[in-house]
Every structure is written in C-alpha cells, then in structure tokens.
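Just so you know, ligand 1 is whichever comes first in the structure, and atom 1 is the first atom listed for that ligand. FYI, side chains are in, hydrogens and waters are out, and symmetry mates aren't considered; it's all heavy atoms of this structure.
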Amino acid sequence: MKESIYTIPLMDAMKANDECPFCYIERDLEQHAIRFALGSGASYMEDDVRAQTDAAGFCRHHYKMMFDYGNRLGSALILSTHFKKLNAQLEEQISRFEPAKSSFLNRMKKTAPDTDAPRTSIGAWVADLESHCYVCDHIHANYGRYIDTFFELYVNNAEFRSLFEHGKGFCLHHFSHLAEAAANRLDEKHKKAFYSTLFDRMRSNMKRLEEEVTWFTEKYDYRNKDKDWGNSRDSVQRCMQKDRLSRLQRLQGNLLR
Ligand SMILES: [Zn+2]
Ligand SMILES: [Zn+2]
C-alpha cells in the first residue's frame, strides 16, 4: 500500500505505549491546531485563518488551552473579530425572535431546556455555534482518515499488526469506533482475527488497569508501605483516560454516524 500523510503519525501513536493511540493522535492534532492558531507563525494575522476562527469559534476546553498557551494578544485579536461577527448575528437573532408556543404538558415539565432539540431560533442558533470549534473541527477533519488508515495498515502491514497485537488496547470510546468501523472496512476473513485480537487487548488491558488502580489504593495500607508501587503510581490518570468520554469525543461519534 502507498504511504499517506496519516501513516507515520499513526505508526508513532501505536509505538507510543499510550493507553489509547487514538487519544494520542487527538492530543497531537489538538496541539498542532493551537500552535498553528497562536504560535510564532502568527497565523492569526492571516485573513483566511481569521475568517475560519471567526466562523468556528472555540469550545470551552480549547479556549482554556488557548489561554494557557500564553499568547494573550493573539487570543485578543482572534476574539475581537469573532465577537464582531457574533454581535452581528446576535442582533439579527433578537430582531427576528418569536417565542415558541408552549403546551400544557411543557408547562408541567420544569426541567432544564432540551438543547438537543431547540424549540426557538435562538436555541437553534446557539446549538449550531456549539457544534463548531476551530480546533475540534480540525480534529474531526482528520479523524476519519486515521480510522481508514488504521484498517489499511492492519490488512497490509505486518509490523502494524504486531503493534496492535501487543499494544495496550484503546479507550472505551475509540474501542467502540473500531468495533463499529471494522464491520464495513474488513472482509469476513480479516474480521474474525481482528475482533478476536481487539477483544483480547481490551480485556487484558482493562483488567491490568483495574489491578494497577486497586494496588494504588492498597499502597495506602501501612502494611504495604515498603512494597513496590509497580506501575500503579500514575494509574489514576490512565484509568480516567481509558474510561473517558469527553464532549469532543461525543461530537466525533456523531460525525461518524
Ligand atoms: Zn482514545
Ligand atoms: Zn474544541
């Protein structure tokens, strides 16, 4: 098979010994997008990049990363034109707003608004804004190609298969994507071997984490005070990664459907 720009980063991610190679790739894409937006290349001064950040904005998680990145003036320049655009939209939304009709049943239900099914034009407008983020969109745009490349390498590259067979498996979220995607991307012969390896990797590595984090708790027993930590010292963060389902990942799930 011919190499694509996705092959080397995916091979690197498989070799990184991370709890999930796709989370590793996601972090890489995320950092690349933040650096591109705010870094020394000053892409935020380019009209075409600013048009993209003006339109997409950023989610809360990525605003936090931008703030932590430290280029406060760069962030301010991005925000100044983004807010100009937002305020023009806000004016338009308010000027044509009409409250949704309320039914007796809806008046009885005093729960939080259902943001998945907005009933007003303002609800729909903000839901649309929230479905975009300059950084998340960059990740989405590449993620599908990494999934495709994963299966191309699985079929054609023995080194990749071996990394998969000896790897730490995936977080539950990316595990589910692989389980879903394999159905369409592998023939019957490859499917059987693939699922068997995938399930074996998930079972043994989830169990390993359960044991590591349990040993972490037992280390606090004074009788174990002098015993070795083994691999359990950072098991709390690794368990959280394996089990996590971030908002970003939920969006990816929607895009794959
Ligand atoms: Zn993952
Ligand atoms: Zn984001």
(request) Looking at H62, pick out the N, O or S atom nearest to the Zn ion (ligand 2) and give its name. (result) ND1
(message) Using a distance threshold of 2.8 Å, state whether an N, O or S atom of C59 lies below it from the Zn ion (ligand 2).
(response) yes
(request) Work out the angle at the Zn ion (ligand 1) between SG of C23 and SG of C171, rounded to 10°. (result) 110°
(message) Please report whether the ring centroid of Y143 lies less than 6.0 Å from that of H174.
(response) yes
(message) Side chains of H173 and E26 only: does a donor on one sit below 3.5 Å from an acceptor on the other?
(response) no
(request) Applying ring-ring contact (aromatic ring centres under 6.0 Å, His included), name anything that partners Y222, two or more places apart in sequence or on another chain. (result) none
(message) Restricting to N, O or S atoms, which atom of H174 is closest to the Zn ion (ligand 1)?
(response) ND1
(request) Classify the side-chain pair D137/Q52 by whether it contains a donor and acceptor separated by less than 3.5 Å. (result) no
(request) Please note down the angle at the Zn ion (ligand 2) between SG of C136 and SG of C133, to the nearest 10°. (result) 110°
(request) Using a strict cut-off of less than 4.0 Å between a Lys/Arg side-chain nitrogen and an Asp/Glu carboxylate oxygen, indicate whether R208 and E211 qualify as a salt bridge. (result) no
(request) For the Zn ion (ligand 1), decide whether H173 has an N, O or S atom at a distance under 2.8 Å. (result) no
